[in-house]
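Working notes for the structure below.
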Amino acid sequence: MATKGTSRYSSDVLAEDRHRPRRKAVREVPLSRDLVVEDAEEAFCGAVVAWDKATVTLEDRHGRRRVFDLGPSAFLVEGELATLVRPAAAPRGPLRSASGSVAVPDARARTARESRIYVEGVHDAELVERVWGHDLRVEGVAVEFLEGIDDLPSIVADFSPGPGRRLGVLVDHLVPDSKETRIAERVRDEHVLVVGHPYVDVWQAVRPSAVGIAGWPEVPRGVPWKEGVVRALGWRMETGEAWRRILGSVRTYADLEPALLGRVEELIDFVTGPHPDGP
C-alpha cells in the first residue's frame with residue numbers, strides 16, 4: 001500500500017532512469033574498399049570488396065567472401081559497434097566498366113560490325129558479357145559461341161573473313177600438342193585470330209578467391225570435368241546451378257585470371273582495330 005501523500009503512479013515510467021548508464025551512440029561509417037570490418041553476430045572479419053543498396057561483400061584473409069545485409073549496428077569497426085552506410089558522394093574520376101575501361105554512360109549499342117568474336121560455349125559467352133559487355137556494345141562487336149571447337153574450320157569458311165570482316169576466336173585449353181591447337185592452326189589467317197587460355201574449362205579462369213574456395217580441384221581422367229569439380233567441392237547442386245554461383249561471384253576483371261583477361265582484350269583490339277584494306 002502506498003504511504004500517505006505518495007502514489008505508486010506518481011513517477012513517469014517512461015522517463016529516463018538517471019542511474020542507468022546512457023547507451024553510447026552507434027557511429028555511422030561510410031563504406032569504402034578495403035575497409036576492414038567484423039560481422040557483429042557471426043564473427044566473420046574481412047575487407048569490404050563490394051556493396052550495393054542493401055548488402056556488403058566482405059573478403060577474409062583466406063580469400064573467402066560473404067555477403068551481409070546492411071543494417072543498424074550490424075558490424076564492428078576497430079572493435080566498436082557501427083552501422084555501415086553508403087558513401088555520401090560518388091568517388092571522383094571517370095566511371096569504369098567491369099573490364100576497367102572508361103565507361104560511357106547511357107551509351108547506345110553501336111550497330112554491329114561485320115567482325116565477330118567466337119567463344120567455345122555458352123558459359124564462355126556469359127563470362128565475356130559479364131565483364132566486357134559494356135565495351136562490346138560500345139564497339140558494336142557481337143559474341144557468338146561454337147558449342148565446341150571441332151566445327152571451327154567449317155564455321156570460319158562460312159564466315160568468309162576478309163578486309164573489314166575479321167574473326168576472333170577464344171579457345172579453351174589451347175596448349176602445345178592439344179587437339180585444340182591443331183585445329184586452331186588450320187584456320188589461322190591475317191583476318192582470323194585464334195587465342196586461348198590454358199584451362200580445361202572457362203570456370204577455372206575465375207579466381208578461386210572470388211568464388212570463396214581455396215583452389216580449383218584436380219579431376220581424375222575419365223570423369224566429366226564440371227561434375228568432378230562440383231563433387232570435389234562438396235556442392236550439392238547441378239552443374240548449371242554451380243555455374244550460376246560462379247558467374248554471380250564475378251563483378252569485375254579483378255575476379256578473373258590474367259591468362260583470360262589478356263586474351264579477350266587481344267581479341268577485342270583485333271576485331272575493332274583499323275585495317276589497311278577496310279574499315
Kindly check if the number of other-residue, nucleotide or ligand heavy atoms within 6.0 Å of CD (Glu238) is above 12?
no

Where do [X] and [Y] come nearest, in terms of heavy atoms and distance?
| X | Y | answer |
| --- | --- | --- |
| Pro161 | Leu167 | CG-CB, 4.5 Å |
| Ser115 | Arg166 | OG-N, 2.9 Å |
| Ala82 | Val77 | CB-CG2, 3.8 Å |
| Leu174 | Ala184 | CD1-CB, 4.2 Å |
| Arg165 | Phe159 | NE-O, 2.7 Å |
| Val175 | Pro198 | CG1-CA, 4.1 Å |

Could you tell me whether the side chain of [Y] reaches within less than 4.5 Å of the side chain of [X], counting heavy atoms only?
| X | Y | value |
| --- | --- | --- |
| Leu84 | Trp51 | no |
| Thr83 | Val29 | no |
| Pro258 | Arg207 | yes |
| Val128 | Leu136 | yes |
| Trp216 | Tyr199 | no |
| Ile213 | Trp235 | yes |
| Val119 | Leu127 | no |
| Val171 | Leu146 | no |

What is the distance from atom [atom1] of [X] to atom [atom2] of [Y], rounded to the nearest 0.5 Å?
| X | Y | atom1 | atom2 | answer |
| --- | --- | --- | --- | --- |
| Arg182 | Asp177 | CZ | CG | 7.5 Å |
| His197 | Glu120 | NE2 | CD | 7.0 Å |
| His173 | Ile149 | NE2 | CD1 | 11.5 Å |
| Arg251 | Asp52 | CZ | CG | 7.0 Å |
| Glu139 | Arg137 | CD | CZ | 12.5 Å |

Cys45 and Val36: CA distance, side-chain angles, deciding distance, side-chain contact (heavy atoms from CB on, under 4.5 Å) verdict:
CA-CA 7 Å; Cys45 184; Val36 177; 3.9 Å; yes

Are [Y] and [X] linked, directly or through intermediate hydrophobic residues, by side-chain heavy-atom contacts shorter than 4.5 Å (ILVMFWY only)?
| X | Y | value |
| --- | --- | --- |
| Val122 | Val200 | yes |
| Val211 | Leu256 | yes |
| Leu193 | Val169 | no |
| Phe68 | Leu31 | yes |
| Leu170 | Val192 | no |

Residue pair Arg65, Asp255: steps toward the salt bridge (charged side-chain N to carboxylate O under 4.0 Å, His left out) verdict
CA-CA 12 Å; Arg65 292 190 177 189; Asp255 295 319; 3.3 Å; yes

Okay, side chain of Asp124, backbone of Gly121: is any donor-acceptor separation there less than 3.5 Å?
yes

With no hydrogens and no angle check, is any side-chain donor or acceptor of Glu59 less than 3.5 Å from a backbone partner on Val49?
no

List the atom pairs, with distances to 0.1 Å, where a side-chain N or O of residues 240-250 and a protein N or O form a donor-acceptor pair under 3.5 Å, not counting sequence neighbours.
{"residue": "Trp243", "atom": "NE1", "partner": "Glu126", "partner atom": "OE1", "Å": "2.6"}
{"residue": "Ser249", "atom": "OG", "partner": "Ile246", "partner atom": "O", "Å": "2.5"}

Give the C-alpha distance, both sets of side-chain angles, the deciding distance and a yes or no for side-chain contact (heavy atoms from CB on, under 4.5 Å) between Leu267 and Val271.
CA-CA 6 Å; Leu267 289 177; Val271 299; 5.7 Å; no

Test side-chain contact (heavy atoms from CB on, under 4.5 Å) on Asp39 and Arg66 and set out the steps.
CA-CA 10 Å; Asp39 169 52; Arg66 294 281 299 276; over 6 Å; no

Set out, in order, the CA-CA distance, both residues' side-chain angles and the distance that settles side-chain contact (heavy atoms from CB on, under 4.5 Å) for Tyr253 and Leu260, then state yes or no.
CA-CA 10 Å; Tyr253 70 96; Leu260 176 69; over 6 Å; no

Could you pull out all residues at least two apart from Asp150 that satisfy side-chain hydrogen bond (donor to acceptor under 3.5 Å, both in side chains)?
Lys179

Summary of salt bridge (Lys or Arg N to Asp or Glu O under 4.0 Å) pairs that have at least one residue in residues 25-35, sequence neighbours excluded
Arg27-Glu78, Arg27-Glu80

Applying salt bridge (charged side-chain N to carboxylate O under 4.0 Å, His left out), name anything that partners Lys53, two or more places apart in sequence or on another chain.
none

The criterion is salt bridge (charged side-chain N to carboxylate O under 4.0 Å, His left out); which residues satisfy it with Glu185, sequence neighbours excluded?
Arg188

Is it true that Arg263 and Glu257 have a side-chain N and a carboxylate O under 4.0 angstrom from each other?
no

Would you call the rings of His123 and Trp203 parallel, tilted or perpendicular, taking 30° and 60° as the class edges?
parallel

If the condition is ring pair (Phe, Tyr, Trp, His ring centres under 6.0 Å), which residues does Phe270 pass it with, not counting sequence neighbours?
none

